[in-house]
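Both counts, for ligands and for their atoms, begin at 1 and track the order of listing. What's counted below: heavy atoms across the whole structure, side chains too, no hydrogens, waters or symmetry copies.
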Amino acid sequence: MSIMVPSTTPALITPGRQALDSALHQLDQAAAHLGLDDGLRTMLATPRRSLTVSVPVRREDGRLDVVQGFRVQHNVSRGPAKGGLRFHPTTDLDEVTALAMWMTWKCALVGIPYGGAKGGVAVDPAGLTTRELERLTRRYVSEIMPLIGPEKDIPAPDVGTDEQTMAWIMDTYSVSAGYSVPGVVTGKPTTLGGSLGRTGATSRGVQIAALAALGRSPEGVTVAVQGFGKVGALAAQYLSDAGCKVVAVSDVTGAVHAAGGLDVARLRAYAAETGGVRGFHHADALDRDDLLELDVDVLVPAAMEGAITEANAARVRARLIVEGANGPTTPEADEILAAAGTTVVPDILANAGGVIVSYLEWVQNMQAYSWSSGEVEIKLRDLMLGAFADVRSLAAERGLTLRQAAHVIGVGRVAEAHQMRGLYP
Ligand code: GLU
């Protein structure tokens with residue numbers, strides 16, 4: 001970790017810039033389809049608020065490191081800003097802005113009353129002790145304190161953060177307020193007002209979207225999952241539980257393949273114990289990049305942005321892609337996949353289960369009430385399937401891909417909110 005200074009190297013295309021370019025391209029397409037005027041387009045392309053903070057962290061050996069943190073509120077026209085917090089070494093303002101924009105369309109698409117936001121800290125959490133991580137989280141929260149609150153902006157887990165991170169956020173905010181404010185953050189432990197069903201919500205949503213898109217019995221359907229973290233591991237589990245044959249998974253440590261199907265529960269236990277899927281005895285090792293090109297029925301990219309690009313899209317053989325990650329497919333890859341007749345269930349639909357149950361958690365917190373896991377699951381399923389049906393019918397009616405239709409609906413609802421509210425002053 002070190003102090004980040006603005007780079008003087010000319011125009012490097014960073015992964016963050018690539019993600020933002022993708023998000024802006026998708027917005028442009030939707031805005032053109034909706035016939036939005038240039039002024040509104042520019043408003044939607046521009047975050048309402050972006051905050052960059054320096055976060056000093058005292059290391060165990062007494063050293064002081066300073067890392068950069070961000071919180072971007074892309075849009076707040078339909079309700080409080082909502083979105084996760086990411087701890088990742090390559091996170092930058094462009095990436096966080098793209099992710100915040102995708103949150104805006106996602107919340108609008110599934111019909112929950114939020115705008116979109118995202119936070120990030122450019123740090124590798126694996127390189128920090130638990131106490132260092134706690135200090136980092138608390139200081140980051142105190143730096144972005146003016147922006148967040150249950151009626152303003154509500155963080156949640158994302159890559160590199162979890163329910164412990166959310167507990168520290170809730171505590172830091174609550175201590176400053178002088179009373180407990182559970183609704184400031186979602187994805188908390190259930191003892192602090194977290195919702196039943198939140199931990200596996202994104203994965204459950206991926207399963208619901210995948211089965212809806214398959215439209216046939218999942219029995220024996222082959223699946224490859226890229227990413228075996230919070231989203232990928234449980235998505236593999238739920239798809240396997242539904243009868244699919246999960247034949248390959250990958251994570252940062254490597255990839256494993258078993259033509260007869262992996263024992264996902266056993267692999268999850270192995271990965272939890274050893275820190276990754278590499279070396280799992282009941283499967284063959286596989287090159288991580290080859291996983292994306294396996295001859296499977298369903299591919300679930302559940303890692304990071306930019307996994308499927310123009311460099312590998314033509315070699316993707318899965319007929320159905322269900323995006324567990326945010327932004328895993330670039331617009332160039334999208335065109336190649338569409339021409340090949342591959343169906344892509346886009347991120348803002350496929351991975352919306354997380355923010356849907358975040359919304360349910362927030363509603364429970366605001367009412368100081370809690371629902372059973374069955375009630376949460378029914379509500380999640382209803383919202384996922386409702387959004388899926390809206391996207392599929394608009395795509396069929398207008399000859400759009402599922403991604404284009406999802407963006408037309410999401411962007412259209414936000415544009416309508418702007419138009420109804422009018423411009424102040
Ligand atoms: N980080 C998740 C996402 O990208 C969840 C966000 C939330 O629950 O607010 O959708």
Is it the case that over 12 heavy atoms from other parts of the model lie below 6.0 angstrom from the [atom1] atom of [X]?
X: Glu375; atom1: CD; value: yes
X: Arg278; atom1: CZ; value: no
X: Glu335; atom1: CD; value: no

Practice task
Could you name the option among Lys82, Arg198, Lys106 that has the heavy atom nearest to atom 3 (C) of ligand 1?
Solution key: Lys106
Exercise for the section: Would you mind finding which of Gly83, Gly354, Pro157 brings a heavy atom closest to atom 2 (C) of ligand 1? Expected result: Pro157
Quick test: of every protein heavy atom, which one is nearest to [atom], and how far off is it to 0.1 Å?
atom: atom 7 (C) of ligand 1; answer: Ala156 CB, 3.3 Å
atom: atom 8 (O) of ligand 1; answer: Ser358 OG, 2.6 Å
atom: atom 1 (N) of ligand 1; answer: Asp158 OD1, 2.8 Å

Handout entry: Min heavy-atom dist Lys118 to ligand 1 below 4.0 Å
Key = yes
Practice task
Starting from the C-alpha separation in whole Å, work towards a yes-or-no answer on side chain to side chain contact (heavy atoms under 4.5 Å, CB included) for Ile321 and Val345.
Solution key: CA-CA 6 Å; Ile321 297 175; Val345 185; over 6 Å; no
Practice task
Examine Trp105 together with His74 and report whether their ring centres are nearer than 6.0 Å.
Solution key: yes
Practice task
Give the atoms of ligand 1, by number and element, whose distance to some non-hydrogen atom of Met103 is under 4.0 Å.
Solution key: 3 (C), 4 (O), 6 (C), 10 (O)
Exercise for the section: Answer side chain, backbone, both or neither: which part of Asn326 comes under 4.0 Å from ligand 1, heavy atoms only. Expected result: side chain
Handout entry: Pair Lys118-Thr97, side-chain hydrogen bond (donor to acceptor under 3.5 Å, both in side chains): steps then yes or no
Key = CA-CA 7 Å; Lys118 205 76 165 197; Thr97 304; over 6 Å; no
